[in-house]
Amino acid sequence: MHNLKEIRKNFEFFKKALEKRSIDIDFDKLKDLDQKNREFIQKKELLEQKKKEISKTKDKSLFAKSKEISSEIEKIDTQQKSIKLDLDKLLSNIPNIPHKDVPLGKNENDNMELSKAGKIPEFSFNPKSHYELGEKLNMLDFDLATKTTGSRFVFVKDKLALLERALSNFMLDIHVVKNGYEEISPPLLASENTMFGTGQLPKFENDQFEVKLDENNNRKFLIPTAEVILTNIVKDKIVDQKHLPLRYVASTPCFRKEAGSYGKDTKGMIRQHQFYKVEMVSIVEQEKCLDELERMTNCATGILDLLELPYRKVILCSGDMGFSAEKTYDIEVWLPSEKRYREISSCSSCSTFQAIRMKARYKNQKNETLFLGTLNGSGLAVGRTLIAILENYQQKDGSITIPKILRPYMNNLEKISIN
RNA sequence: GGAGAGGUGGCCGAGUGGUUGAAGGCGCACGCUUGGAAAGCGUGUAAAGGGGAAACUCUUUCAUGGGUUCGAAUCCCAUUCUCUCCGCCA
């Protein structure tokens, strides 16, 4: 969310910057509501001051007058509150402003490749897709998931279940020991307010799984990413600067409705309603956001380097970035069956956008209270890493060689083959 | 699920109707002291919103929302969260 004062000051800048995101926001309405809101506040404050003076005098002859003022205040207050509500609604639906480094563009086609790494494997045979491989091994079972649950779910079994678990453990170890993140095992449900804090609500409610916990109206949602719950650790807090940066990592299931992607990636486990992801979150001073973004992205690519998987780094264009992001790098891994790169990690700086929503602040050395910067990045999406290993490490006979670095996590197993 | 206790500033904690935005402590900042540090001493230190170029000033805020009152952190009601005991349970 943006600071209204800033918008007021740099009205044209905001208007222009948000045009880059190819969404339309009624800025004239915003301006109008803001102005009305302030007028009502001024009226109200004047009356409140009068009332206060009367009560200080303790003069009984003035008490009736004070009562009159009270009822007048109430009238104005009702109007002001309703205007404020509309204003907040409008404001909370405005996305973050793209950083000036971000390339201009409409959609994913305008994203820019920045670098490539790793060696793309060559096969003497036609490489199979991960779901062909997994089903043949009898270790990925989509039909079973359809029976017990429905589409876009999967049973991961046997050695692939072990691989999935190994991947989580391996990634967590690297991020904790080498990259300095604190490991968290968080709740998988988030309150409505928490979902608002990171920007999933109110605009993207359609993508969330809501869970009915009780009959009250305390809404709860399954987290679509651990970013939600990890970032909100600093919600409503004023952190001492000496505790910064805060870096958290968690491996959690993520739940998404994928409402807007009917017919997309329907085969295999590329796009599921539920998947594991190792997520990194950093909380930093606002001016350190971009440095931290580079660092975080390197933490993500570091995992791919260790797994010896080929990938490329992409910077998202203004039109393809997420709601809360000011700048985003996607890391895409090579999938031999598709002969192209697919997203396996996304690292974003959200500047103070989420912090303003969450009221997450810190005190600097001048004793000023400032909003924090928040960042999040996958390190990595476990499900898709599993896919990448299946496809890139497949052998002619359908067996899968296990990357060396993972073997200690898998009882020194070297190869997954049909039983 | 039953019974009780409680939610006050960055943190801890006092405060039961009238300059209380709120004692005291911790923390933090600055200064003095010191060869340097620690200790000690002194000063300062809430947030949000409005007005103002600024200095500054006004309003609101003691979990949240209502109510009583000229006036509420303080009294009443509802909601919510936390803690303790009992019950049930992985």
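Chain letters run A, B, ... following the sequence lines, proteins first and then strands; every chain starts at 1.
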**Request:** Scan for side chain to side chain donor-acceptor pair (under 3.5 Å) pairs involving residues 407-418 of chain A, sequence neighbours excluded, and state none if there are none.
**Result:** A:D173-A:Y409
**Asked** Rounded to the Å, how far apart are A:I7 CD1 and B:rG49 C1'?
**Response** 16 Å
**Item:** Base partner of B:rG27, which must satisfy Watson-Crick or wobble distances under 3.5 Å
**Value:** B:rU45
**Pairwise C1' distance, B:rA14 and B:rC26 [rounded to whole Å]** = 15 Å
**Complete:** Nucleotide by nucleotide, nucleotides 53-65 of chain B touches protein heavy atoms under 4.0 Å in the pattern (B base, S sugar-phosphate only, - none) -----BBS-----
**Message:** Tell me the interatomic distance from A:Q35, atom CD, to B:rG49, atom P, rounded to whole angstroms.
**Reply:** 18 Å
**Message:** With a 3.5 Å limit on both atom pairs, tell me what B:rU20 is paired to, counting Watson-Crick and G-U wobble, or say none.
**Reply:** none
**Request:** For A:K359, report the nucleic acid contact type (base, sugar-phosphate, nothing); a contact means any heavy atom under 4.0 Å.
**Result:** nothing
**Message:** Whole angstroms only, please: what is the CG-C1' distance between A:L370 and B:rA48?
**Reply:** 15 Å
**Prompt:** Applying a 3.5 Å limit to both distances, which nucleotide forms a Watson-Crick or G-U wobble pair with B:rC56?
**Reply:** B:rG51
**Request:** Look at all strands and tell whether A:T57 reaches a base, only sugar-phosphate, or nothing, counting heavy atoms closer than 4.0 Å.
**Result:** nothing
**Message:** Suppose you measure atom P in B:rU61 against the same atom in B:rA22; what distance do you get, rounded to whole Å?
**Reply:** 14 Å
**Asked** Looking at residues at least two apart in the chain, or sitting in another chain, which of them share a side-chain contact (heavy atoms from CB on, under 4.5 Å) with A:Y311?
**Response** A:A117, A:T301, A:L304, A:D305, A:I331
**Asked** Expressed in angstrom and rounded to an integer, what is the separation of A:K9 atom NZ from B:rG52 atom P?
**Response** 13 Å
**Fill in**
Between the OG1 atom in A:T385 and the CG atom in A:L380, the distance rounded to the nearest 0.5 Å is 4.5 Å
**Asked** Under 4.0 Å: is that the gap between some side-chain N or O of A:R38 and OP1 or OP2 of B:rG51?
**Response** yes
**Prompt:** Under a 3.5 Å cut-off for both distances, is B:rG65 Watson-Crick or wobble paired, and to whom?
**Reply:** B:rC77
**Prompt:** Is the cationic atom of A:R357 (NZ for Lys, CZ for Arg) positioned less than 6.0 Å from the six-membered ring centroid of A:F196 and within 45 degrees of its normal?
**Reply:** yes
**side-chain N/O A:R361 vs B:rA48 OP1/OP2, d < 4.0 Å** = yes
**Heavy-atom side-chain contact between A:F11 and A:K15 under 4.5 Å** = yes
**Request:** In whole angstrom, give me the gap between the C1' atoms of B:rC12 and B:rC62.
**Result:** 15 Å
**Item:** Inter-nucleotide C1' distance (B:rG6, B:rU64), Å rounded
**Value:** 16 Å
**Request:** Quick one: list whatever passes side-chain contact (heavy atoms from CB on, under 4.5 Å) with A:S337, sequence neighbours left out.
**Result:** A:S129, A:E391
**Asked** Over how many whole Å does the gap from A:E368 atom CD to B:rA46 atom P extend?
**Response** 14 Å
Table of protein N/O atoms under 3.5 Å from nucleotides 68-71 of chain B N/O atoms:
residue, atom, partner, partner atom, Å
B:rC70, OP2, A:K67, NZ, 3.2
B:rC70, O2', A:S66, OG, 2.8

**Item:** C1' spacing across the pair B:rA46 / B:rG42, given as an integer number of angstrom
**Value:** 23 Å
**Asked** Whom does B:rU82 pair with, Watson-Crick or G-U wobble, provided both distances fall under 3.5 Å?
**Response** B:rA5
**Item:** Partner nucleotide of B:rC88 by Watson-Crick or wobble geometry (both distances under 3.5 Å)
**Value:** none
**Item:** Closest to side chain of A:R8, choosing from B:rA48, B:rA46, B:rG50
**Value:** B:rG50
**Request:** Please round to the nearest 0.5 Å and tell me the distance separating atom NZ of A:K277 and atom CD1 of A:I223.
**Result:** 8.0 Å
**Item:** Partners meeting salt bridge (Lys or Arg N to Asp or Glu O under 4.0 Å) with A:E205 (sequence neighbours left out)
**Value:** A:R219
**Message:** Whole angstroms only, please: what is the CG-P distance between A:L246 and B:rG10?
**Reply:** 17 Å
**Request:** Figure out the NZ/C1' separation between A:K363 and B:rA29, and round it to whole Å.
**Result:** 11 Å
**Asked** Going by the side chain to side chain donor-acceptor pair (under 3.5 Å) test, which pairs reach into residues 316-331 of chain A, not counting sequence neighbours?
**Response** A:D101-A:K327, A:N111-A:D320, A:E294-A:Y329, A:E326-A:S349, A:K327-A:Y329, A:T328-A:S348, A:D330-A:S346
**Short N-O contact, A:R38 and A:D34, less than 4.0 angstrom** = yes
**Request:** Could you measure between the two P atoms, the one in B:rG25 and the one in B:rU84, and give it in whole Å?
**Result:** 31 Å
**Integer-rounded Å distance: B:rA48 P and A:D236 CG** = 13 Å
**Request:** May I ask you to say what A:K5 touches in the nucleic acid, namely base, sugar-phosphate or nothing, with a heavy-atom cut-off under 4.0 Å?
**Result:** sugar-phosphate
**Item:** salt bridge (Lys or Arg N to Asp or Glu O under 4.0 Å) partners for A:K44, two or more places apart
**Value:** A:D77
Would you tabulate the side-chain donor-acceptor contacts of residues 136-145 of chain A under 3.5 Å, counting partners in other chains and residues two or more places apart, or write 'none'?
residue, atom, partner, partner atom, Å
A:D141, OD1, A:D143, N, 3.3
A:D141, OD1, A:L144, N, 2.9
A:D141, OD2, A:K157, NZ, 3.4

**Mate of B:rA37 where both pairing distances stay under 3.5 Å, Watson-Crick or G-U** = none
**Prompt:** Taking the side chain of A:N367 as its heavy atoms from C-beta onward, which of B:rG50, B:rG44, B:rA47 lies nearest to it?
**Reply:** B:rG44
**Prompt:** If we take the C1' atom in both B:rG15 and B:rG24, what is their distance in whole Å?
**Reply:** 11 Å
**Between B:rG71 and B:rG18 - C1' atom distance, rounded Å** = 6 Å
